[in-house]
Undergrad: 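First, the structure itself, so that you have it in front of you.
All chains are named by letter (A, B, ...) in the order of the sequence lines, taking the proteins before the strands, and each is independently numbered beginning at 1.
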Protein chains: 2
Amino acid sequence: MPMEFETRLADRGRWRADACSAAMVLDLLGTKTVFLVVRECFYGTTRFEDFVERIGVSAPAVSRALRQLESADVIARTPYREAGARTRDEYRLTAAGEDLLPVLLALVQWGDTHLQDGRPPLRFVARDSGDEIRVCVTADHAREVDSDDIAIRAAR
Amino acid sequence: MPMEFETRLADRGRWRADACSAAMVLDLLGTKTVFLVVRECFYGTTRFEDFVERIGVSAPAVSRALRQLESADVIARTPYREAGARTRDEYRLTAAGEDLLPVLLALVQWGDTHLQDGRPPLRFVARDSGDEIRVCVTADHAREVDSDDIAIRAAR
DNA sequence: CCGTATCCACAACGATACTG
DNA sequence: CAGTATCGTTGTGGATACGG
């Protein structure tokens with residue numbers, strides 16, 4: 001069952017399309033690769049080569065995705081140097097990027113339920129209590145969990 | 001800050017890429033148009049022409065998206081006839097499609113916060129209480145709200 | 001008039017080659 | 001070795017034309 005508009009449906013012409021936040025976000029995270037880069041950031045990946053390997057796409061694709069996300073202020077590129085090594089860049093989520101956590105978890109949760117045949121490959125639990133983390137749609141004031149309070153467990 | 005793996009990072013080779021639910025979902029909802037069709041379903045759109053007009057894409061694009069979503073069992077196509085009119089199809093979310101609500105709201109919520117300059121064009125409230133609906137990541141047992149208990153208000 | 005098939009344009013990916 | 005430019009290929013969208 002759909003949601004219901006309190007405004008007249010005829011009034012929809014004014015806001016739809018570009019005004020809708022969903023459309024704007026999809027312009028930004030539009031492609032699969034871009035979003036998988038965000039996923040990897042949440043999973044702790046910071047180095048170019050690791051993005052390439054773990055996402056399983058080509059280096060140019062990662063390069064493009066990183067630049068796009070950088071220009072959208074979802075990730076930030078900062079130079080770093082390991083002892084005795086040359087300067088390289090590392091890529092980390094900005095505060096805005098961190099806020100994509102509900103999107104990531106909602107996608108994973110749906111996939112786990114409807115695409116994985118039975119058991120999901122990963123589980124997200126609270127680091128301290130071990131309780132299962134869920135994304136939920138509610139009017140209640142639930143205690144929000146931050147991404148660094150979440151631990152990822154491979155399904156046994 | 002990223003989440004932390006309890007499994008060794010070196011073990012990641014086994015599950016990443018195609019095993020990840022996020023990647024599988026993105027194969028399915030991958031494109032912007034496909035996802036906007038889902039959005040429209042939640043907003044109550046059921047007829048082909050309305051999808052075309054409200055999403056602002058061409059008819060063939062809608063046709064393709066609908067078929068893709070149908071084959072993924074996210075929406076179902078059912079024939080109907082208005083009094084004295086020819087039979088047409090209407091498109092509604094399946095139960096699996098309904099479960100995409102957290103994904104939609106998470107996207108909208110992020111866009112409202114980070115892309116809209118200030119005030120979001122739409123607000124989602126509980127139909128009975130009028131309380132603001134939020135997507136949250138939590139280990140608590142919050143009361144889940146179903147999509148038909150949600151009303152949409154245009155920002156004033 | 002609803003919905004699709006067809007054709008062309010463009011954007012994103014992979015392979016390769018290149019720069020620091 | 002990290003990261004990018006270039007080029008050929010594929011897939012996704014729009015315009016058009018067509019079938020029920």
Undergrad: Please collect all ring pair (Phe, Tyr, Trp, His ring centres under 6.0 Å) contacts where either partner lies in residues 51-102 of chain A, sequence neighbours excluded, each pair once.
TA: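 As it turns out, there is no ring pair (Phe, Tyr, Trp, His ring centres under 6.0 Å) pair with a partner in residues 51-102 of chain A once direct neighbours are skipped.
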Undergrad: Taking salt bridge (Lys or Arg N to Asp or Glu O under 4.0 Å) as the definition, give me every residue that meets it alongside B:Arg88, ordered by chain and number, with sequence neighbours left out.
TA: B:Glu82
Undergrad: Do nucleotides 3-10 of chain D as a string where each nucleotide becomes B, S or -: B if the base has a protein heavy atom under 4.0 Å, S if just the sugar-phosphate does, - if no protein is that close.
TA: SBB-----
Undergrad: Reading DNA chain C in the 5' to 3' direction, which nucleotide is the first one with an atom under 4.0 Å from a heavy atom of chain B, and which is the last?
TA: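 In short, chain B contacts DNA chain C from C:dC1 to C:dA5.
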Undergrad: Indicate the atoms forming the closest heavy-atom contact of B:Cys20 with A:Tyr43, along with that distance.
TA: SG-OH, 4.5 Å
Undergrad: Partners of B:Asp73 by salt bridge (Lys or Arg N to Asp or Glu O under 4.0 Å), sequence neighbours excluded?
TA: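 Result, salt bridge (Lys or Arg N to Asp or Glu O under 4.0 Å) vs B:Asp73: none returned.
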Undergrad: For B:Glu144 and A:Thr138, which I'm curious about, is there any donor-acceptor pair between the side chains at under 3.5 Å?
TA: no
Undergrad: May I ask you to decide whether A:Arg77 forms a salt bridge with A:Asp89, counting only side-chain N to carboxylate O separations under 4.0 Å?
TA: yes
Undergrad: Only one of A:Leu107, A:Leu100, A:Val108 passes side-chain contact (heavy atoms from CB on, under 4.5 Å) with A:Leu104; say which it is.
TA: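 It is A:Val108; the other options fail the test.
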Undergrad: Expressed in angstrom and rounded to an integer, what is the separation of B:Leu69 atom CG from D:dT12 atom C1'?
TA: 14 Å
Undergrad: Give one of base, sugar-phosphate or nothing for A:Thr31, where a contact means two heavy atoms less than 4.0 Å apart.
TA: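 Since only primed, P, OP1 and OP2 atoms lie under 4.0 Å of A:Thr31, the category is sugar-phosphate.
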Undergrad: Any salt bridge between A:Arg92 and A:Glu90, counting N to O under 4.0 Å?
TA: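 The answer is yes: the pair qualifies as a salt bridge.
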Undergrad: Give one of base, sugar-phosphate or nothing for B:Val62, where a contact means two heavy atoms less than 4.0 Å apart.
TA: nothing
Undergrad: With a 3.5 Å cut-off and no angle check, do the side chains of A:Thr45 and A:Asp50 form a donor-acceptor pair?
TA: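 Their side chains do not contain a donor-acceptor pair, so the 3.5 Å distance test is not met.
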Undergrad: Over its full length, what angle do the end axes of the helix from C:dC1-D:dG20 to C:dG20-D:dC1 make, each axis taken from five pairs and the result rounded to 10 degrees?
TA: 20°
Undergrad: Is there side-chain contact between B:Ile75 and B:Leu66, with heavy atoms separated by less than 4.5 Å?
TA: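 Yes. Closest side-chain heavy atoms under 4.5 Å.
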Undergrad: Take the protein atom CD1 of B:Ile55 and the nucleotide atom C1' of D:dG14, then report the distance between them rounded to whole Å.
TA: 15 Å
